[in-house]
Q: 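Below: one structure in structure tokens.
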Amino acid sequence: MNNILHTASFRRISLMLFALLFVAMGASAQKVAVKTNLIYDAALTPNIGLELGLSKHSTLEADYGLNLWKNSYKHRQWKHWQSQIEYRWWPCSKFNGHFLGIHAQGGEFNMTARESTRGLLHHLAKDVNKRYEGWNVGGGISYGYQWILSRHWNLEASLGVGYQWIRYKKYPCAQCGTLEEKYHANYIGIDKAALSIMYVF
């Protein structure tokens with residue numbers, strides 16, 4: 001399954017995020033922040049996020065994460081990309097304190113389940129050592145808080161809950177190409193967790 005690794009998909013989303021950054025940096029009286037989610041980084045999923053100030057009390061955030069790694073042990077893997085866009089409302093002022101958000105998400109995945117991830121992925125990976133390939137789309141609401149560390153650096157924590165519609169195929173092993181079954185699943189629960197370090201321009 002190489003469709004999640006398609007250069008075209010990666011380029012489209014990367015161009016969208018960087019276009020947002022350049023438009024934002026050219027806008028007057030607006031703040032822009034670049035961030036990375038340390039939880040994703042710890043899971044070996046490089047990611048980047050951009051947040052644009054829309055008004056005194058609102059911002060728009062977009063982020064993208066890409067994992068291309070494969071574990072050589074029994075060909076286990078957790079390859080995926082995920083993208084999200086979120087509108088945020090700040091009761092005090094943007095980039096400072098509490099915020100509420102509404103977000104939309106989507107992505108593709110190619111994973112091999114194992115015992116250590118079975119609990120986390122029980123709604124999808126019912127069989128250990130099977131390969132699951134597919135995509136998801138959904139959205140939800142979130143709450144977060146930003147701490148100002150210095151003139152340009154902030155720390156952010158946020159948690160979101162929502163709904164995900166998942167479409168996927170199951171294969172007998174990590175390298176097999178023989179399709180066993182096709183499925184779809186509905187997931188309601190935590191769909192976002194972030195602890196991000198950010199640079200505010």
Side-chain angles (χ1 to χ4, degrees), residues 1-18 20 34-50 61-86 103-140 158-197:
M1 180 269 185
N2 290 322
N3 61 333
I4 69 163
L5 308 178
H6 277 171
T7 306
S9 295
F10 178 74
R11 285 181 183 160
R12 280 195 297 269
I13 293 176
S14 299
L15 287 172
M16 177 191 74
L17 292 174
F18 284 106
L20 176 63
V34 178
K35 63 179 70 176
T36 185
N37 183 346
L38 301 177
I39 296 175
Y40 261 37
D41 292 331
L44 301 179
T45 301
N47 65 95
I48 185 172
L50 304 171
E61 183 205 43
D63 58 56
Y64 180 76
L66 176 69
N67 186 319
L68 298 176
W69 316 120
K70 182 167 79 171
N71 187 334
S72 59
Y73 178 67
K74 292 187 178 180
H75 307 288
R76 292 171 176 168
Q77 60 190 17
W78 178 232
K79 297 181 179 180
H80 68 278
W81 69 262
Q82 283 289 311
S83 180
Q84 174 185 273
I85 189 164
E86 180 173 83
H103 58 264
Q105 300 170 329
E108 294 178 275
F109 57 88
N110 181 11
M111 62 170 232
T112 304
R114 57 185 186 273
E115 290 293 344
S116 61
T117 59
R118 192 174 182 183
L120 177 65
L121 303 167
H122 66 277
H123 60 280
L124 174 62
K126 299 178 178 66
D127 298 322
V128 176
N129 297 323
K130 301 287 186 176
R131 183 166 67 88
Y132 298 85
E133 172 186 321
W135 55 274
N136 66 286
V137 64
S158 65
L159 188 68
V161 294
Y163 166 79
Q164 294 288 321
W165 192 82
I166 307 164
R167 182 98 176 162
Y168 62 99
K169 300 173 184 177
K170 185 173 78 172
Y171 297 88
C173 68
Q175 290 186 318
C176 300
T178 304
L179 177 65
E180 285 190 347
E181 295 180 79
K182 293 182 180 180
Y183 300 89
H184 76 271
N186 299 289
Y187 168 78
I188 297 175
I190 295 174
D191 64 351
K192 172 188 174 182
L195 179 64
S196 302
I197 188 73

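Start at 1 with the first residue, then count along the sequence. In this text, all values refer to a predicted model and were calculated from it rather than measured experimentally.
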Q: So, the side chain of N37 versus the backbone of A193: is there a donor-acceptor pair under 3.5 Å, distance only?
A: yes
Q: Is it true that W81 and W135 have ring centroids separated by less than 6.0 Å?
A: no
Q: How many angstroms lie between atom CZ of R131 and atom NZ of K169, to the nearest 0.5 angstrom?
A: 10.0 Å
Q: Please list, chain by chain and in numerical order, all residues satisfying side chain to side chain contact (heavy atoms under 4.5 Å, CB included) with Q164, sequence neighbours excluded.
A: Q105, N136, I166, Y187, D191
Q: Report the distance from atom NZ of K182 to atom CD of E133, rounding to the nearest 0.5 Å.
A: 10.5 Å
Q: Can you tell me how far the CG atom of L66 sits from the CD1 atom of I48, to the nearest 0.5 Å?
A: 12.5 Å
Q: Q82 vs N47, test: side chain to side chain contact (heavy atoms under 4.5 Å, CB included). Steps then yes/no.
A: CA-CA 9 Å; Q82 283 289 311; N47 65 95; over 6 Å; no
Q: According to the interplanar angle, ranging from 0 to 90°, do the rings of Y168 and F109 count as parallel (below 30°), tilted (30 to 60°) or perpendicular (above 60°)?
A: tilted
Q: If you count every heavy atom of other residues, nucleotides or ligands that lies below 6.0 Å from I190 atom CD1, does the total exceed 12?
A: no
Q: NE2/H80 to CG/N110 distance, rounded to the nearest 0.5 angstrom?
A: 11.5 Å
Q: Side chains of K35 and D63, heavy atoms from C-beta outward: is any pair under 4.5 Å?
A: no
Q: Between NZ of K79 and CG of N67, what distance do you get to the nearest 0.5 Å?
A: 9.0 Å
Q: Rounded to the nearest 0.5 Å, how far apart are NE2 of H103 and OG of S158?
A: 9.0 Å
